[in-house]
Q: 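Attaching a single structure in structure tokens format; questions to follow.
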There are 2 protein chains.
Amino acid sequence: MARASKLIEPILTLLAGSTRHAWSLEDIRQDLRTRDLTPDFSSIFRVVEQLVAQGRVNRIHLADAPPRFELSGAHHDHLHCTLCDLLVPVPCLAPHNLADQAAQAQGFALHAHNIVLDGVCPHCQLQRQPRPELPA
Amino acid sequence: MARASKLIEPILTLLAGSTRHAWSLEDIRQDLRTRDLTPDFSSIFRVVEQLVAQGRVNRIHLADAPPRFELSGAHHDHLHCTLCDLLVPVPCLAPHNLADQAAQAQGFALHAHNIVLDGVCPHCQLQRQPRPELPA
DNA sequence: CTAGGTGCAAATCCTTTGCTCGAAT
DNA sequence: ATTCGAGCAAAGGATTTGCACCTAG
């Protein structure tokens, strides 16, 4: 049995935490630091890639921001604040019948969809400035 | 009156053409070449940025591929083939009531949404290999 | 004459990879 | 001894910016 990366468990724990909904690689790196883990960025990169490949973690693509990662689980979509990059999970937005119908009409085989709607979060609307960094 | 870029008209004409549904900057550059226009990449970049800022052109963010650009117009969503990067317009997938409801619940002010569903196009399903480049 | 469009080149950002060393089996 | 994981460093790719020039108004 091959050794597993020491980073797997801390990263999964991190993603399971509730402070942030989804984490960029940089977010992960900074949080691990608070636990005296200072792995190289490439190590985090490789571990997360592996988790994504195993389907244990989802990659969320954002407009104009590095991708975020979340634990795989019940499907949901996201709202993304384009000012502060806050990401909020919301119930599925595209009814499967609509999506399936569109895909079928074009002959597409769909992957799991992952919809991100861009907008401005309440905080940024009020402050006219980005929400301060969330504490890790 | 300031001079307008000479590239605006050819680019808009290009985007209005039907060969491709949406174009990357590189696609645009290559097509312009066939008309003996060899502008610098940065010039195309700046003109397209400008058109996007003016709302005349939409930027479509894709997973793992450079953004595509299309003329602004009637709203629609997209299917994206992750093998050959084909992009197909389909009718709106997220009913406004669902999206608005989710946004409202979170206090988000939504931009125009732009949903991309990733999948595999019919051609790539059959061939098990990416569709050859479309002619410009 | 002046504003601003253009090209060239370089900086930047983020992602990804090669390679070596060290630790666990 | 062998097999990876980890760290370091550097490549790569795409995007973005600074700057000087040139041309249309």
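Within every chain, numbering begins at 1; the chains are lettered A, B, ... in the order of the sequence lines, protein sequences first and strands thereafter.
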Q: Return the residues of residues 39-48 of chain A meeting this criterion: a heavy atom under 4.0 Å from some atom of DNA chain D. Order them by number, or give none.
A: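 Those residues whose heavy atoms fall under 4.0 Å from DNA chain D, taken from residues 39-48 of chain A in numerical order, are A:Pro39, A:Asp40, A:Ser42, A:Ser43, A:Arg46.
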
Q: Is it true that B:Leu62 and B:Val88 fall in one hydrophobic cluster, defined by side-chain heavy atoms closer than 4.5 Å?
A: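 Different clusters: B:Leu62 never reaches B:Val88 through Ile, Leu, Val, Met, Phe, Trp or Tyr contacts under 4.5 Å.
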
Q: Could you tell me the separation between the CZ atom of A:Arg68 and the P atom of C:dT15, rounded to a whole number of Å?
A: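 For the pair A:Arg68 CZ and C:dT15 P, the rounded distance is 11 Å.
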
Q: Using the salt bridge (charged side-chain N to carboxylate O under 4.0 Å, His left out) rule, take A:Arg59 and A:Glu49 through it: C-alpha gap first, then chi angles, then the decisive distance, then the call.
A: CA-CA 9 Å; A:Arg59 182 200 308 268; A:Glu49 284 300 293; 2.8 Å; yes

Q: Is any side-chain heavy atom of A:His78 closer than 4.5 Å to a side-chain heavy atom of A:Asn114?
A: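 Yes; the side chains approach each other to less than 4.5 Å.
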
Q: Rounded to whole angstrom units, what separation is found between the CG atom of B:Asp64 and the P atom of C:dT15?
A: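 My rounded result for the distance is 11 Å.
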
Q: May I have the distance from A:Arg33 (atom CZ) to D:dG7 (atom P), rounded to whole angstrom?
A: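 Those two atoms, CZ and P, are 12 Å apart.
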
Q: Would you call the rings of A:His75 and A:His96 parallel, tilted or perpendicular, taking 30° and 60° as the class edges?
A: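 A:His75 vs A:His96 ring planes: tilted.
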
Q: Report the distance from atom CG of A:Leu62 to atom P of C:dC14, rounded to the nearest whole Å.
A: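 So the two atoms are 13 Å apart, to the nearest Å.
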
Q: Please give, in whole Å, the distance from D:dA14 P to B:Arg29 CZ?
A: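 Rounding to the nearest Å, CZ of B:Arg29 and P of D:dA14 are 11 Å apart.
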
Q: Could you check how far CD of B:Glu49 sits from P of C:dG5, rounded to whole Å?
A: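 In whole Å, C:dG5 P and B:Glu49 CD are 14 Å from each other.
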
Q: Does a donor on one side chain sit under 3.5 Å from an acceptor on the other, for B:Gln30 and B:Thr34?
A: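 On atom types as modelled, these side chains do not qualify, holding no pair under 3.5 Å.
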
Q: Between B:Arg59 and A:Lys6, name the one whose nearest nucleotide on DNA chain D is closer to the 5' end.
A: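 So the residue in question is A:Lys6.
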
Q: Who are the side chain to side chain donor-acceptor pair (under 3.5 Å) partners of B:Ser24, not counting sequence neighbours?
A: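 Side chain to side chain donor-acceptor pair (under 3.5 Å) check on B:Ser24 returns B:Asp27.
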
Q: Just how far, in rounded Å, is P of C:dG7 from CG of B:Leu37?
A: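 Rounded to whole Å, this separation is 9 Å.
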
Q: What is the distance, rounded to the nearest whole Å, between atom CG of B:Leu51 and atom P of C:dG5?
A: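 Distance check: B:Leu51 CG to C:dG5 P gives 12 Å.
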
